[in-house]
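Since this is a predicted model, take the numbers as computed values, not measurements.
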Amino acid sequence: MKKKLSLTAVSASVALVLGVGMAVGLSGCGGGGGTTIVVSGPLEQHDWLVERLKQYNLDNGTDYNFEVRSISEADIDTAVTDWETGPNVYAFASDKIQGLFTKNALAAVPEEYQTQIENEVNETSVEAATFASEMYAYPYTGDNGYFLFYNSTLLQESQVDDLYSLVDLCKEEGWKIHFPIRDSFYGSGWMFSFGARYSIDYLPNGQIENIDADFNGANGLKAAKALVDILKYGSTGPNPTDNIIDTARAGAQPVSGEPYVATVNGTWAMSAADFAAVGEENIGMTKLPKITYNKGLTGEETVNCGSFLGYKLYGVNPQATTGGDDKLAISHSVAMYLYGKDTQESRFDSLGVVPTNEEVLALDRVQDSKTTQALGKQSEFSVPQTAVPGGLWSAVESTIGEICDQYLTLTDAELQTMLDGLNDAIEASK
């Protein structure tokens, strides 16, 4: 029997901002009724969303006017400056839930909808939609993560399972690997590989009360030393950038073998023209490779490289309810429809967005998707995207950047000092 894949991360208490873009436009759809519901979502889903909202009216026998605004899930908290005039229903990345809660931009999901959602998705999806012990959102996808793309005409999946082995092959063939670890999105995932974590305590109003982290402890040190060692192993010249492993912040590299044969990125990478030009049939997708601490020495330890697994959700804005109609109840109905089983199936068929609904996720065409399979394999080594300390991104980016710049001469004492600074910055941010 074929094993069904489910996007369930096994760690907890970390988050990541994903997606790009700001509000770039709006359009209307629907009938001539007196009620207008404003819905926002990412630009790449705009046309599909317009059509889906038309279908909402058809399916529900309603005549609402829908105004569609294009706002990235990552930018919703800053793009909207006045929530009284903000969207009634909006898509957001799961790490935004704490900030949106404190802005009073999230209405609690009605009990009947909450019960249905809990019966249709896995526990991690419920966790992503929950804050302060209450469900505040509708989780529509769990594919906000990353994995390894590789050229399947040049490599087999077994050959990309271990990073040291992959570097060996690249040395022989003159290839390179793109792992944009200088980007805190990917660098943070690396730092979690051996078990380093942080935890956040919240006040009743949603504000952060305290942050505890152990990035400067034994597990964080293993991850940092594993990075130093593999970069030394992949070095091809006297400069830090002379390396088989390209750590630069950049989009997915075309895995043509000239010179890149593998790249770390997410589902969105297939929309990059240069990358897609390689031909989807020639692109393999799988989990991230294994990395090793103290390779060949006492205390050697090999683990799979860690990552984030984030969610995208719909929220309902309780502040934009003026106009005399029961906009809050209507908005919840619209959010539930956009979360719902039929819509998740339509979203996958039209946009390739991996669903949270377990019944849709189990469909053969979803299970057969390369991205679904890669995310499913990597999810075992992923950390769910929840709220995140504000200083994490700059601290990780700075520290990882220093390691990538200095790995050729970096001492253990200097590395520990870097990690101490990283940990202090995370714990000090609120």
Practice task
Please confirm whether the backbone N or O of A413 pairs with a side-chain atom of T417, one donor and one acceptor, at under 3.5 Å?
Solution key: yes
Practice task
Give the C-alpha distance, both sets of side-chain angles, the deciding distance and a yes or no for salt bridge (Lys or Arg N to Asp or Glu O under 4.0 Å) between E120 and K341.
Solution key: CA-CA 9 Å; E120 292 177 345; K341 174 180 175 293; over 6 Å; no
Exercise for the section: Kindly compute the distance separating CG (N144) from OG (S94), expressed to the nearest 0.5 Å. Expected result: 6.5 Å
Exercise for the section: Answer with yes or no after comparing the ring centroid distance for F308 and Y146 against a 6.0 Å cut-off, counting only values under it. Expected result: no
Handout entry: Intermediate values then yes/no, side-chain contact (heavy atoms from CB on, under 4.5 Å), V316 and Y138
Key = CA-CA 9 Å; V316 171; Y138 300 77; 4.1 Å; yes
Exercise for the section: Output, in order, the C-alpha distance, side-chain angles, deciding distance and verdict of ring pair (Phe, Tyr, Trp, His ring centres under 6.0 Å) for F275 and F149. Expected result: CA-CA 10 Å; F275 191 45; F149 295 81; 5.0 Å; yes
Practice task
Could you please spell out the steps behind the side-chain contact (heavy atoms from CB on, under 4.5 Å) verdict for L392 and S429?
Solution key: CA-CA 8 Å; L392 177 76; S429 62; 5.8 Å; no
Exercise for the section: Check for a donor-acceptor pair, side chain of N317 on one end and backbone N or O of P87 on the other, with a separation under 3.5 Å. Expected result: yes
Problem - NZ/NE/NH1/NH2 to OD/OE distance under 4.0 Å, K96 and D77 - result: yes
Exercise for the section: Please answer whether the main-chain N or O of E397 pairs with a side-chain N or O of D183 as donor and acceptor at a distance below 3.5 Å. Expected result: no
Handout entry: Between Y311 and D143: side-chain donor-acceptor atoms closer than 3.5 Å
Key = no
Problem - Pair Y233, D168: side-chain N/O donor-acceptor within cut-off below 3.5 Å - result: yes
Exercise for the section: Dump the intermediate steps for ring pair (Phe, Tyr, Trp, His ring centres under 6.0 Å) on Y339 and Y140, then the final yes or no. Expected result: CA-CA 5 Å; Y339 147 84; Y140 75 84; 9.1 Å; no
Problem - Student check: side-chain heavy atoms of P318 and N104 closer than 4.5 Å - result: yes
Handout entry: Interatomic distance, N423 atom CG to N216 atom CG [nearest 0.5 angstrom]
Key = 4.0 Å
Practice task
Hey, could you give me the SG/CG distance between C404 and L227, rounded to the nearest 0.5 Å?
Solution key: 5.0 Å
Practice task
Apply ring pair (Phe, Tyr, Trp, His ring centres under 6.0 Å) to W83 and Y90, showing your working.
Solution key: CA-CA 11 Å; W83 282 94; Y90 59 92; 5.0 Å; yes
Handout entry: Test: K370 cationic atom under 6.0 Å from F147 six-membered ring centre, within 45° of axis
Key = no
Handout entry: Enclosure of E280 CD (heavy-atom neighbours >12, cutoff 6.0 Å)
Key = no
Exercise for the section: Answer yes if the side chains of Q55 and E51 hold a donor-acceptor pair under 3.5 Å, and no otherwise. Expected result: no
Exercise for the section: Look at the side chain of S193 and the backbone N and O of C305, then say whether any donor-acceptor pair between them is shorter than 3.5 Å. Expected result: no
Exercise for the section: Could you pull out the closest heavy-atom pair between L338 and R52, with the gap in Å? Expected result: CD2-CG, 4.1 Å
Problem - K225 versus N294, side-chain donor and acceptor atoms under 3.5 Å - result: no
Exercise for the section: Evaluate the ring pair (Phe, Tyr, Trp, His ring centres under 6.0 Å) criterion for residues F92 and Y314: first the C-alpha distance (whole Å), next the side-chain angles of each, then the deciding distance (0.1 Å), finally the verdict. Expected result: CA-CA 6 Å; F92 69 96; Y314 285 107; 8.8 Å; no
Problem - Heavy-atom neighbours of E414 CD exceed 12 at 6.0 Å - result: yes
Exercise for the section: Consider only side-chain N and O atoms of T153 and N151, and report whether a donor and an acceptor are under 3.5 Å apart. Expected result: yes
Problem - Test: D405 and R182 ion pair at under 4.0 Å - result: yes
Problem - Proximity of Y202 and F131 rings by center, below 6.0 Å - result: yes
Problem - Contact summary for A128 and I97, nearest pair of heavy atoms - result: O-CD1, 3.7 Å
Exercise for the section: Take N122 and S125 through the side-chain hydrogen bond (donor to acceptor under 3.5 Å, both in side chains) test and state the conclusion after the steps. Expected result: CA-CA 6 Å; N122 61 39; S125 299; 3.1 Å; yes
Problem - E300 atom CD, over 12 foreign heavy atoms within 6.0 Å - result: yes
Problem - Test item: S72 side-chain N/O and P42 main-chain N/O as donor-acceptor pair under 3.5 Å - result: no
Handout entry: Test log, rule side-chain contact (heavy atoms from CB on, under 4.5 Å), inputs K287 and F381
Key = CA-CA 9 Å; K287 68 175 184 63; F381 312 106; 3.9 Å; yes
Fill in the blank from the handout: Heavy atoms of G234 and V167 approach each other most closely as CA-CG1, 4.0 Å
Fill in the blank from the handout: dist T263:OG1 -> I177:CD1 (nearest 0.5 Å) comes out at 10.0 Å
Problem - Which atom of A224 lies closest to which atom of I403, heavy atoms considered - result: CB-CD1, 4.2 Å
Problem - SB check R197 D212 (cutoff 4.0 Å) - result: no
Problem - Side-chain donor-acceptor contact under 3.5 Å, Y293 with D229 - result: no
Handout entry: Between S346 and W48, a side-chain donor and acceptor under 3.5 Å
Key = yes
Handout entry: V366 versus P355, closest heavy-atom pair with distance
Key = CG1-CD, 3.9 Å
Practice task
Could you tell me whether a side-chain N or O of H178 sits under 3.5 Å from a main-chain N or O of A248, the two making a donor and an acceptor?
Solution key: yes
Practice task
Taking the six-membered ring of Y164 (Phe, Tyr or Trp), confirm whether the NZ or CZ of K295 is under 6.0 Å from its centre and within 45° of its axis.
Solution key: yes
Exercise for the section: Measure from the ring center of F215 to the ring center of F192 and say whether it is less than 6.0 Å. Expected result: yes
Exercise for the section: Could you verify whether a donor N or O on one side chain and an acceptor N or O on the other, from D420 and Q416, lie under 3.5 Å apart? Expected result: yes
Fill in the blank from the handout: Here the gap from E157 atom CD to L148 atom CG, rounded to the nearest 0.5 Å, amounts to 9.5 Å
Practice task
State whether the side chain of Q98 and the backbone N or O of G206 hold a donor-acceptor pair below 3.5 Å, judged by distance alone.
Solution key: yes
Practice task
Evaluate the ring planes of Y186 and F179, with Trp represented by its six-membered ring, and classify them as parallel (under 30°), tilted (30 to 60°) or perpendicular (over 60°).
Solution key: perpendicular
Practice task
Determine, step by step, whether T267 and T371 satisfy the side-chain hydrogen bond (donor to acceptor under 3.5 Å, both in side chains) criterion, reporting the C-alpha distance in whole Å, the side-chain angles of both residues, the deciding distance to 0.1 Å, and the verdict.
Solution key: CA-CA 6 Å; T267 56; T371 56; over 6 Å; no
Exercise for the section: Determine yes or no for a side-chain-to-main-chain donor-acceptor pair under 3.5 angstrom, with Q378 supplying the side chain and L288 the backbone. Expected result: yes
Fill in the blank from the handout: Tightest non-hydrogen contact, residues V261 and C170, listed as CG1-SG, 3.9 Å
Problem - E345/R365 salt bridge by N-O under 4.0 Å criterion - result: yes
Handout entry: D214 (side chain) donor-acceptor with G217 (main chain) under 3.5 angstrom
Key = no
Handout entry: Side chains of T356 and Q344, donor plus acceptor under 3.5 Å
Key = yes
Exercise for the section: List the steps and the verdict of side-chain contact (heavy atoms from CB on, under 4.5 Å) for L419 and M191. Expected result: CA-CA 10 Å; L419 295 180; M191 290 301 300; 3.8 Å; yes
Handout entry: Expected output: side-chain Q367 to main-chain L361 donor-acceptor under 3.5 Å
Key = yes
